[in-house]
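Everything below concerns the one structure shown next.
Side chains are part of it too, since the values below use all heavy atoms of this structure and drop only hydrogens, waters and symmetry mates.
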Amino acid sequence: MKILGLDSSGIVASVAIVEDENLIAEYTVNYKKTHSQTLLPMLDELVKMTELDLDTIDAIAVAAGPGSFTGLRIGSATAKGLGLALKKPLVEIPTVDALAYNLYDSRALICPIMDARRSQVYTGIYRFQEHKLVTVEAQMAVPMAEMIEKLNARGEEVVFLGDGVPVFGKMIQENLKVPYSFAPAM
């Protein structure tokens, strides 16, 4: 199965092509332009570089949020337009779940954090059990202080990742009582 993936839910925009379990190509941009300026040119470049015939894809996956309202609208509209034109199904992928999956088979709790502004984060709590991502607490929008309290109450090691790490890293360092680490930015 060949899938075209689009993510414009956060600061970074990404377009990828995956076939079965193999990443064929990925284009990621973290620059000062809006996703409306970058997403389609990125897709066009990826198609050219891989000599992909878009008719050969089986589905289009799109980041479904939470995230930037405008970014989500741009990604959804792009995916929907492509899906209609190509007669391909769309698959929604929760953004926070996708972030957690980046730490495949981590033994610690996984806590993706996306800056939601006003001292809040889009987040959730996850773990891997038997090589499968398990949702411990579903995605939510909460004050970062509340998330720190939840993690302290759990008493387990935790790994943070996402664009909220640079924003809330100091707050985590000062208030989290359990062992923790920050995954490197990808």
Side-chain angles (χ1 to χ4, degrees), residues 1-104 110-118 120-124 126 133 135 138-141 160-169 182-186:
M1 178 172 266
K2 193 180 293 182
I3 298 174
L4 169 65
L6 305 172
D7 182 4
S8 57
S9 61
I11 297 168
V12 176
S14 293
V15 177
I17 301 164
V18 176
E19 187 167 13
D20 299 321
E21 294 188 15
N22 299 314
L23 177 64
I24 304 299
E26 177 183 21
Y27 194 153
T28 300
V29 172
N30 183 7
Y31 193 64
K32 303 170 194 155
K33 295 188 177 190
T34 66
H35 297 316
S36 62
Q37 295 173 291
T38 58
L39 205 58
L40 283 173
M42 290 166 54
L43 174 59
D44 186 49
E45 190 63 31
L46 209 63
V47 166
K48 286 178 190 171
M49 291 178 75
T50 61
E51 299 175 353
L52 174 70
D53 177 358
L54 285 173
D55 285 323
T56 65
I57 64 170
D58 298 299
I60 300 167
V62 62
S68 156
F69 181 70
T70 301
L72 289 167
R73 285 187 339 189
I74 292 165
S76 296
T78 302
K80 187 170 185 174
L82 286 168
L84 287 170
L86 299 169
K87 297 181 175 74
K88 303 297 179 181
L90 300 184
V91 179
E92 306 174 350
I93 308 295
T95 306
V96 178
D97 295 16
L99 277 171
Y101 204 82
N102 279 300
L103 297 180
Y104 181 78
I110 302 167
C111 185
I113 51 176
M114 296 175 65
D115 184 13
R117 305 251 176 1
R118 298 183 183 180
Q120 292 196 357
V121 290
Y122 300 120
T123 188
Y126 303 86
L133 184 66
T135 302
Q139 65 181 5
M140 62 188 103
F160 293 94
L161 75 160
D163 69 13
V165 168
V167 178
F168 295 103
F182 299 120
M186 295 183 201

Say whether, by atom type as modelled, one donor and one acceptor occur between the side chain of D53 and the main chain of D55 under 3.5 angstrom.
yes
Can you tell me which residue among L161, T123, V167, T95 is in a side-chain contact (heavy atoms from CB on, under 4.5 Å) with M114?
T95
Taking atom CD of Q120 and atom CE of M140, what is their separation to the nearest 0.5 Å?
12.0 Å
State which residues pass side chain to side chain donor-acceptor pair (under 3.5 Å) with D163; sequence neighbours excluded, sorted by chain then number.
none
Suppose the criterion is salt bridge (charged side-chain N to carboxylate O under 4.0 Å, His left out): which pairs have a residue in residues 39-51, not counting sequence neighbours?
D44-K48
Checking K2 now: which residues fulfil side chain to side chain donor-acceptor pair (under 3.5 Å) with it, not counting sequence neighbours?
T56
Results of salt bridge (charged side-chain N to carboxylate O under 4.0 Å, His left out) for D58 - residues two or more places apart only
none
Test salt bridge (charged side-chain N to carboxylate O under 4.0 Å, His left out) applied to K87 - qualifying residues, sequence neighbours left out:
none
Look at the side chain of D7 and the backbone N and O of S9, then say whether any donor-acceptor pair between them is shorter than 3.5 Å.
yes
Checking V165 now: which residues fulfil side chain to side chain contact (heavy atoms under 4.5 Å, CB included) with it, not counting sequence neighbours?
I113, F160, F182
Can you list everything that forms a side chain to side chain contact (heavy atoms under 4.5 Å, CB included) with S76? Sequence neighbours excluded, please.
none
L43 vs L4, side chain to side chain contact (heavy atoms under 4.5 Å, CB included): CA-CA, chis, key distance, verdict:
CA-CA 9 Å; L43 174 59; L4 169 65; 3.7 Å; yes
According to ring-ring contact (aromatic ring centres under 6.0 Å, His included), who are the partners of F69, at least two apart in sequence or on a separate chain?
none
Closest contact, heavy atoms only, I74 versus S8:
C-OG, 4.2 Å
Within this structure, what is the CE-CG distance for the pair M42 and L40, rounded to the nearest 0.5 Å?
10.0 Å
Heavy atoms of A100 and L133 approach each other most closely as CB-CD1, 4.2 Å
Test I17 against L52 for side chain to side chain contact (heavy atoms under 4.5 Å, CB included), laying out the working first.
CA-CA 9 Å; I17 301 164; L52 174 70; 3.4 Å; yes
Provide the closest heavy-atom pair for Q139 versus G65 in the form atom of the first, atom of the second, distance.
OE1-O, 3.7 Å
From T135 OG1 over to I110 CD1, what is the distance, rounded to the nearest 0.5 angstrom?
10.5 Å
Count the heavy atoms of every other residue, nucleotide or ligand shown that sit under 6.0 Å from CD of Q37, and state whether that count exceeds 12.
yes
If you apply the rule side chain to side chain contact (heavy atoms under 4.5 Å, CB included), what do you find for F168 with V121, and how did you get there?
CA-CA 9 Å; F168 295 103; V121 290; 3.3 Å; yes
Nearest heavy-atom pair of G71 and S68: which atoms, and what distance?
N-OG, 3.0 Å
Can you sort out the partners of Y126 under side chain to side chain donor-acceptor pair (under 3.5 Å), two or more places apart, ordered by chain and number?
D97
With sequence neighbours left out, what residues match S36 under side chain to side chain donor-acceptor pair (under 3.5 Å)?
T34
Nearest heavy atoms of T38 and K33, plus distance in Å:
CG2-CB, 3.8 Å
Please identify each residue that fulfils side chain to side chain contact (heavy atoms under 4.5 Å, CB included) with V12, with sequence neighbours left out.
S14, T28, N30
List in chain and number order the residues that pass side chain to side chain contact (heavy atoms under 4.5 Å, CB included) with A79, two or more places apart in sequence or in another chain; answer none if no residue qualifies.
L6, I60, V62, L90
What pair of heavy atoms forms the shortest contact from A59 to V91, and how long is it?
CB-CG2, 4.3 Å
